[in-house]
Amino acid sequence: MKCYFSHFKFISDIVFQDMISRRNFIQTLSGVSGGIALSGPVMSVPLMTSEVQLPIVVSTWNHGIPANEAAWEILREGGYALDAVEAGVRVAEADPEVITVGYGGLPDATGKVTLDACIMDEQGNAGSVAFLEHIKHPVSVARKVMEQTPHVMLTGKGALSFALKNGFSRENLLTPAARSAWKRWKKTDRTFKPVINIENEEIWNHDTIGMLALDSRGRLCGACTTSGMAFKLHGRVGDSPIIGAGLFVDGDIGGAVATGSGELVMKTLGSFLVVELMRQGLTPDEACREAVMRIAAKIPDHQKHQIGYLALDIHGNTGSFAMQPGFDYALRTSGKNELVMAPPLMK
Ligand code: ASP
């Protein structure tokens with residue numbers, strides 16, 4: 001299926017030509033032949049060609065590269081975007097090397113791994129779990145909440161007992177590496193500090209995977225899953241499982257996901273805002289930028305935080321914007337899977 005770009009009114013011909021040539025340059029750089037090609041993130045270049053080939057999948061951060069591949073396996077066979085986003089983010093959930101999602105995620109201040117996740121389909125159905133312990137794949141529990149209950153969100157012990165009743169197994173999610181990191185943190189002043197995750201920073205302690213996929217039938221779905229902020233207060237829930245904050249999808253408009261300091265995203269209902277701005281005619285890039293600007297305008301200490309938004313519209317156009325340098329996302333289309341660097345507000 002081909003989709004045709006519909007936002008020309010915002011972009012002069014000159015800018016459009018520039019995007020095309022930069023995109024071609026990036027494609028040449030990435031040089032994919034049938035799989036993953038990756039040589040570091042490229043400048044943010046929205047997919048705004050006159051025609052966009054479907055399917056397409058995008059996801060936050062570099063753990064999005066293998067996640068996109070799992071989603072692509074489903075999408076390239078003509079599969080459903082909902083199955084694709086679930087399968088995609090499960091890769092990060094299961095990977096102990098990803099210390100910010102699922103198994104291997106860094107624990108809270110009490111040493112417990114507590115997970116947040118949600119999922120949303122093209123019809124506006126949504127499911128979510130928050131403050132969930134012992135279950136490796138919270139996104140799949142969120143999908144069960146969506147499909148098998150009259151509710152949207154289950155939390156804590158209730159979410160755990162729902163998961164166990166629905167065939168999920170109880171597991172220890174605290175890996176030796178995450179436990180050592182927690183023990184090291186306990187020897188410090190033991191206060192929670194947001195880590196900005198700025199470009200080239202060694203410290204890296206929170207990075208959710210949010211994924212949006214548009215399948216070959218034009219169905220747009222999204223998922224979001226995280227272990228949240230490392231060493232957070234026990235009981236803290238971030239933006240990631242909150243429909244409209246960490247993820248929002250409107251199957252007639254587009255979808256958005258958020259990463260970074262969840263409290264700031266929650267205070268501005270960021271992903272919902274991005275989708276609403278796209279509804280009003282902004283491109284995905286413009287909408288993500290405006291949502292970051294809203295935080296900058298309303299929240300005084302925003303300079304101390306990283307926020308990254310990623311959006312995909314139903315025409316297959318992508319866009320992103322971040323508070324700080326260093327937020328990249330993985331973009332998978334036919335023939336390439338590459339990291340794209342989001343433009344930042346702070347230089
Ligand atoms: N948004 C997540 C949270 O606040 C963390 C992140 O994506 O970096 O829990």
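For ligands, and for the atoms within them, numbers begin at 1 and follow the listed sequence.
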Rounded distance (nearest 0.5 Å) linking atom [atom1] of [X] with atom [atom2] of [Y]:
| X | Y | atom1 | atom2 | result |
| --- | --- | --- | --- | --- |
| H63 | I99 | NE2 | CD1 | 10.5 Å |
| E69 | L75 | CD | CG | 10.5 Å |
| T225 | L115 | OG1 | CG | 6.5 Å |

Any N or O on [X] sitting closer than 3.5 Å to an N or O of ligand 1?
| X | value |
| --- | --- |
| T259 | yes |
| G262 | yes |
| S261 | no |
| T226 | no |

- Query: Any chain of hydrophobic side-chain contacts (each under 4.5 Å) joining V98 to Y103?
  - Reply: no
Identify, by atom number and element, the atoms of ligand 1 in contact range of [X], meaning under 4.0 Å from any of its heavy atoms.
| X | answer |
| --- | --- |
| D239 | 1 (N), 2 (C), 3 (C), 4 (O) |
| S240 | 1 (N), 2 (C) |
| G228 | 9 (O) |

For [atom], state which one of [options] supplies the nearest heavy atom.
| atom | options | result |
| --- | --- | --- |
| atom 9 (O) of ligand 1 | H305, R236, K232 | R236 |
| atom 5 (C) of ligand 1 | G260, G238, C224 | G260 |
| atom 7 (O) of ligand 1 | V265, V237, T208 | T208 |

- Message: Going by ring-ring contact (aromatic ring centres under 6.0 Å, His included), name the pairs with one or both residues in residues 141-167, residues two or more places apart or in two chains.
- Response: none
- Task: Just grab all the ring-ring contact (aromatic ring centres under 6.0 Å, His included) pairs involving residues 236-274, residues at least two apart or on different chains.
- Result: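 Checked against ring-ring contact (aromatic ring centres under 6.0 Å, His included) - neighbours excluded - the pairs reaching residues 236-274 are F248-F272.
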- Message: For the aromatic rings, using the six-membered ring if either is Trp, is the centroid distance between H134 and F168 under 6.0 Å?
- Response: no
- For residues T226 and D116, is any side-chain donor paired with an opposing acceptor at under 3.5 Å? no
- Is Q306 in contact with ligand 1, taking contact as a heavy-atom separation below 4.0 Å?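 Flag not set, Q306 not near ligand 1.
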